[in-house]
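I have placed the structure first, in the form of structure tokens, so that the comments after it can refer back to it.
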Amino acid sequence: NGGTPNHLQKNVNDFKAISAICAELGIELLVVGPEDPLANGITNFFADTPIKVFGPSKDAARLEGSKIWAKEFMKKYDVATADFWACDTPQCGRETLTDADEGPAVVKFDGLAGGKGVFVCGSRAEAVAALDTIESQYGPDAPVVIEECLIGQEISILGITDGTHIKLLTPSQDHKQRFEKDRGPNTGGMGAFCPVPQCDDALMKRIVADVVEPTMKGIQAEKLDYIGIVYFGIMVTKQGPKLLEYNVRLGDPETEVVLPKLASDLVPILLSCFDGTLDKQELTFHEGTFVDVVLASEGYPGTYEKGVPIFGLDDPLPGTLVFHAGTRKKGEEIVTAGGRVLNVVAQGDTLDEAIKLAYQQVQRISFANKVFRKDIGRREWTL
């Protein structure tokens, strides 16, 4: 993106080009952010080189790359999750819905979809429409998962693992829907904050017991080569926490709040995953709350304009950070190049202070057709 020097902007799936950059700059550690290169085997590519890759193998990346494989993994290892039906095709999904009770359901495309392959449906008709959309985008042979629709509060928990041990970062809450009050289509995330006040010690103990520990047992039992991040998308229901999905990497907008919250030096923690000393690492965290507001292009997650100049990136307010996402350099300008353009992050002693500061920084940045949610951090906690 536009926050990266031009000569380092390579296709994330061009592993040979990445290897050449590592040789040129003496890079010894790669931390993989996008899901595509993990699913395509970047860790396997560098396995016999001196370069350490913080990310799971291609085989292990199926926890994110295949929704069906992940759900079957959850069932096999007693990870608390929603009931589900795996379908080879959208048509199979329609036939499954014919036998299902009328009511809400979640429809998911099996493969990677950049956070836009999940449809929360209020009725059978909406679920059929979601299957139609998946078929139009991915073809008549696209595998799908139909899930029980869980009601509750969604939180995100990221853990650093060496495949045996895991260290959890601060729980955060994402705002996935495009519009205020959680309306509209799912996106890759419109904002996040951490910590989540309602995620207390008692709830965390249940999440660890019902989701984290059985996941780690499964990773070991399957002998998955897994050094990297495990992202747990959790729905806290009246019956307790249940896992919605895994991601196998750092993903925004949660990363933009949980890593600034981390006070410990990240690099020794990552390196400890390679030498078997992760369990000896003590993670410490900054006080206060971190809030991330995503600035997007109008039309996202559908079609949107690219190449729009961005102004106000210089001299951010104290206590704020601005992370590039869908940007690129065009001469001396930074212009839009994606649906989610920037992540504006602020730290405050309280959630209210962090929200106020984040939106002050949002107003200092401008580009044509800039859109954002105005209620990040304001979701009511109801089960």
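Keep in mind it's a predicted model, so treat the numbers as computed, not measured.
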(message) Let me check something: do Ile376 and Leu342 share a hydrophobic cluster, defined by ILVMFWY side-chain heavy atoms less than 4.5 Å apart, either directly or through other members?
(response) yes
(message) Donor-acceptor check, side chain of Thr81 to backbone of Leu243, threshold 3.5 angstrom: yes or no?
(response) yes
(message) Atom CG of residue position Asp314 - does it have more than 12 heavy atoms of other residues, nucleotides or ligands inside 6.0 Å?
(response) no
(message) Checking the side chain of Arg364 only, and the main-chain atoms of Asp315 only, is there a donor and an acceptor separated by less than 3.5 Å?
(response) yes
(request) Answer yes or no: is there a side-chain heavy-atom contact under 4.5 Å between Ile160 and Phe54? (result) yes
(message) If hydrophobic clusters are built from ILVMFWY residues whose side chains come within less than 4.5 Å, do Ile269 and Phe285 share one?
(response) yes
(request) Would you indicate whether the side-chain heavy atoms of Tyr226 and Leu63 approach each other to under 4.5 Å? (result) yes
(request) Examine distances only and state if a side-chain atom of Thr161 and a backbone atom of His165 form a donor-acceptor pair shorter than 3.5 Å. (result) yes
(request) Return yes if some donor-acceptor pair links the side-chain N/O of Ser19 with the main-chain N/O of Phe15 below 3.5 Å, else return no. (result) no
(message) So, taking the atom named CG in Asp110 and the one named CD1 in Ile68, what distance separates them when rounded to the nearest 0.5 Å?
(response) 4.0 Å
(message) Can you see whether Thr336 engages Tyr304 through a side-chain donor-acceptor pair at a distance of less than 3.5 angstrom?
(response) no
(request) Indicate yes or no: at least one non-hydrogen side-chain atom of Leu313 is less than 4.5 angstrom from one of Thr327. (result) no
(request) Let me see the working for Asp352 and Arg378 under salt bridge (Lys or Arg N to Asp or Glu O under 4.0 Å), right down to the final yes or no. (result) CA-CA 9 Å; Asp352 285 342; Arg378 299 297 189 190; 2.6 Å; yes
(request) Return yes if a side-chain donor-acceptor contact under 3.5 Å exists between Gln91 and Glu135, otherwise no. (result) no
(request) For the residue pair Leu250 and Leu259, establish whether any side-chain heavy-atom pair is separated by less than 4.5 Å. (result) yes
(message) Can you give me the closest heavy-atom contact between Gly2 and His324, atom names plus distance?
(response) C-ND1, 3.8 Å
(request) Mind checking the CD-CG spacing from Glu254 to Asn343? Nearest 0.5 Å is all I need. (result) 10.0 Å
(message) Would a single hydrophobic cluster contain both Ile355 and Ile365, if residues Ile, Leu, Val, Met, Phe, Trp and Tyr are joined by side-chain heavy-atom contacts under 4.5 Å?
(response) yes
(request) Look only at the side chain of Lys370 and the backbone of Val362, and say whether a donor-acceptor pair between them is shorter than 3.5 Å. (result) yes
(message) Do Val267 and Ile229 sit in one hydrophobic cluster, given that two such residues count as connected whenever their side-chain heavy atoms are within less than 4.5 Å of each other, even indirectly?
(response) yes
(request) Tell me, yes or no, whether the heavy-atom count around Asp349 atom CG, taken from other residues, nucleotides or ligands under 6.0 Å, exceeds 12. (result) no
(message) Tell me whether Gln361 contacts the main-chain N or O of Leu357 through its side chain, where contact means a donor paired with an acceptor under 3.5 Å.
(response) no
(request) Report yes or no: do Phe46 and Ile27 belong to one cluster of Ile/Leu/Val/Met/Phe/Trp/Tyr joined by side chain heavy-atom distances under 4.5 Å? (result) yes
(message) So for atom NZ, which belongs to Lys176, do other residues, nucleotides or ligands contribute more than 12 heavy atoms lying within a distance under 6.0 Å?
(response) yes
(request) Kindly indicate, with the supporting measurements, whether the criterion side chain to side chain contact (heavy atoms under 4.5 Å, CB included) is fulfilled by Val144 and Lys108. (result) CA-CA 6 Å; Val144 296; Lys108 299 179 178 179; over 6 Å; no
(request) Please name the pair of heavy atoms, one in Ile146 and one in Ala105, separated by the smallest distance, quoted to 0.1 Å. (result) CG2-CB, 4.4 Å
(request) With rounding to the nearest 0.5 Å, note down the distance linking CG in Asn40 to CG in Asp14. (result) 11.5 Å
(message) Could you check whether any side-chain N or O of Lys167 sits under 3.5 Å from a backbone N or O of Gln281, counting only pairs where one atom can act as donor and the other as acceptor?
(response) yes
(request) Find the distance between CZ (Arg62) and OG (Ser57) and round it off to the nearest 0.5 Å. (result) 8.5 Å
(message) Is it the case that the side chain of Thr277 and the backbone of Lys280 share a donor-acceptor pair, with hydrogens and angles ignored and the cut-off at 3.5 Å?
(response) no
(request) Measure up the Phe73 and Trp69 rings against each other and bin them: parallel (under 30°), tilted (30 to 60°), perpendicular (over 60°). (result) parallel
(request) May I ask you to check if Lys374 and Phe372 form a cation-pi contact, with NZ or CZ under 6.0 angstrom from the six-membered ring centre and within 45° of the axis? (result) yes
(request) Measure the spacing between NZ of Lys205 and CG of Asp200 and express it to the nearest 0.5 Å. (result) 10.0 Å
(message) Between the side chains of Asp210 and Lys242, is the shortest nitrogen-to-carboxylate-oxygen separation below 4.0 Å, so that they form an ion pair?
(response) no
(message) With a 4.5 Å cut-off on side-chain heavy atoms, are Phe179 and Met190 touching?
(response) no
